[in-house]
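Just below is one structure, and these are the notes that go with it.
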Amino acid sequence: MADPQVPGSDYEHFASIPWCAEHLRRPGVIMGSPACRLPKASGEDSLLAETLQGQTTFLAMLEFYEEPRSPTDRVESIKLLLTLGSGLNGHPDVCHGGIVSTILDEVTGLLIPINQQRGFMPEIPHMTAYLNTTFLRPVPTCATILAQAKIVKVDGRKYYSEGWIEDSSGTILARAEVLYVGIKSSL
């Protein structure tokens, strides 16, 4: 299958796909390019900002979540649209399992900086302590998928979350239970 072409911005790309546009048109949706897609001088996030950003890997990526009712409310869940290219194949037209786990790690981790900016989590780095992934069905490449995450519990420096990947019809393809731990000192 040929890799899709992404016109202009990632928003334009997803807005042109009817099932994605339905998600983006909902009232109170805040959206943007995930921070992991932006190159940093420190080299942080270079896997997704550089290595996996191209016309055969992650062609487009857009995060979005619903504005909480109050500025004092925590953002409990987030969604991430991704268009996957053939350069992510593990088998023909099927995303490599390590990339599936990477997607789940990224979507669940997106809630940390959002809630840090809102004052709900300390401004310290967090690292993945465990990522328990269950593969339910093949995740297709040369396709657009929806990854979602929600906070399960925050306990001191421990942040528990769940994530899952769906296809365009809402079928869950993979899921993960994740624990992030706030690092006491700088890396």
Side-chain angles (χ1 to χ4, degrees), residues 1 3-4 6 10-11 13-37 47-48 52 56-68 74-115 126 128-154 158-180:
M1 186 179 294
D3 289 313
V6 178
D10 289 355
Y11 171 79
H13 168 69
F14 293 117
S16 73
I17 301 170
W19 72 269
C20 297
E22 286 180 36
H23 287 280
L24 300 176
R25 282 195 294 255
R26 293 187 177 145
V29 169
I30 297 173
M31 65 187 87
S33 183
C36 63
R37 294 289 276 182
L47 178 65
L48 291 173
L52 294 177
T56 61
T57 56
F58 290 125
L59 285 77
M61 187 183 294
L62 187 69
E63 72 177 28
F64 60 102
Y65 58 93
E66 291 182 24
E67 173 88 42
R74 180 170 72 187
V75 175
E76 297 290 336
S77 62
I78 193 162
K79 297 178 181 181
L80 181 68
L81 289 166
L82 302 103
T83 296
L84 309 178
S86 63
L88 302 175
N89 285 355
H91 291 279
D93 302 323
V94 175
C95 190
H96 187 284
I99 299 298
V100 171
S101 294
T102 298
I103 293 167
L104 290 164
D105 187 33
E106 288 301 320
V107 72
T108 54
L110 290 173
L111 286 163
I112 295 171
I114 289 169
N115 282 303
H126 285 71
T128 308
Y130 73 72
L131 176 78
N132 182 7
T133 304
T134 303
F135 302 93
L136 303 169
R137 296 174 186 248
V139 175
T141 56
C142 301
T144 296
I145 60 169
L146 175 66
Q148 298 191 59
K150 68 178 182 177
I151 295 173
V152 174
K153 175 173 80 169
V154 177
K158 295 178 180 177
Y159 157 64
Y160 299 86
S161 63
E162 294 177 350
W164 61 97
I165 296 173
E166 300 176 9
D167 64 14
S168 61
S169 64
T171 301
I172 297 177
L173 308 173
R175 62 174 67 248
E177 297 171 349
V178 187
L179 168 62
Y180 294 92

message = A side-chain contact here means heavy atoms from C-beta on lying under 4.5 Å apart; do Leu88 and Val139 qualify?
response = no
ask   = Between Val107 and Ala147, which heavy-atom pair has the shortest distance, and what is it?
value = CG2-O, 3.7 Å
query = Taking all non-hydrogen atoms of both residues, which atom of Phe64 and which atom of Leu62 are closest, and how far apart?
reply = CD2-O, 4.0 Å
inquiry  = Does this structure show an ion pair linking Lys150 with Glu76, if we count only N-O contacts that are shorter than 4.0 Å?
reply    = no
task = Please examine the side chains of Leu136 and Leu173, heavy atoms only from C-beta on, and report whether any two atoms are closer than 4.5 Å.
result = no
remark   = The single option from Asn132, Val178, Ile165, Leu80 that satisfies side chain to side chain contact (heavy atoms under 4.5 Å, CB included) with Leu104 is Ile165
message = For Glu166, give me all partners under salt bridge (charged side-chain N to carboxylate O under 4.0 Å, His left out), at least two apart in sequence or on another chain.
response = none
query = In Å and rounded to the nearest 0.5 Å, what is the CZ to CD1 distance from Arg74 to Ile114?
reply = 13.0 Å
query = At what distance, to the nearest 0.5 angstrom, does NZ of Lys79 lie from CG of Leu146?
reply = 6.5 Å
query = Do you know which two heavy atoms are closest between Trp19 and Thr144, and how far apart they sit?
reply = CZ2-O, 3.4 Å
query = Side chains of Thr56 and Ser86: do they bring a donor and an acceptor to under 3.5 Å?
reply = no
inquiry  = Could you measure the distance from the CG atom of Leu131 to the OG1 atom of Thr102? Nearest 0.5 Å is fine.
reply    = 8.5 Å
Smallest separation among heavy atoms of Pro113 and Gly109, with atom names = CD-O, 3.2 Å
ask   = Judged by atom type as modelled, is there a donor-acceptor pair below 3.5 Å linking the side chain of Asp93 to the main-chain atoms of Cys142?
value = no
key: Set of residues satisfying salt bridge (charged side-chain N to carboxylate O under 4.0 Å, His left out) with respect to Arg137, sequence neighbours excluded   = none
ask   = Is there a donor-acceptor pair closer than 3.5 Å between any side-chain N or O of Ser101 and the backbone N or O of Gly98?
value = no
Non-hydrogen side-chain atoms of Pro138 and His91 separated by less than 4.5 Å = no
query = Which atom pair, heavy atoms only, marks the closest approach of Ala15 to Leu24?
reply = N-CD1, 4.1 Å
Non-hydrogen atoms of Thr57 and Leu52 that approach each other most closely = OG1-O, 2.9 Å
task = Mind running side chain to side chain contact (heavy atoms under 4.5 Å, CB included) on Leu84 and Ile99 for me, showing each step along the way?
result = CA-CA 10 Å; Leu84 309 178; Ile99 299 298; 5.7 Å; no
query = His13 and Leu59: side chain to side chain contact (heavy atoms under 4.5 Å, CB included), yes or no, with the steps?
reply = CA-CA 10 Å; His13 168 69; Leu59 285 77; 5.9 Å; no
request  = Quick one: do Ile30 and Val75 satisfy side chain to side chain contact (heavy atoms under 4.5 Å, CB included)? Show the steps, please.
outcome  = CA-CA 11 Å; Ile30 297 173; Val75 175; over 6 Å; no
message = Looking at His23, I'd like to know if its NE2 atom is crowded, meaning that more than 12 non-hydrogen atoms belonging to other residues, nucleotides or ligands lie closer than 6.0 Å.
response = yes
key: Donor-acceptor side-chain pairing of Tyr159 and Thr108 below 3.5 angstrom   = no
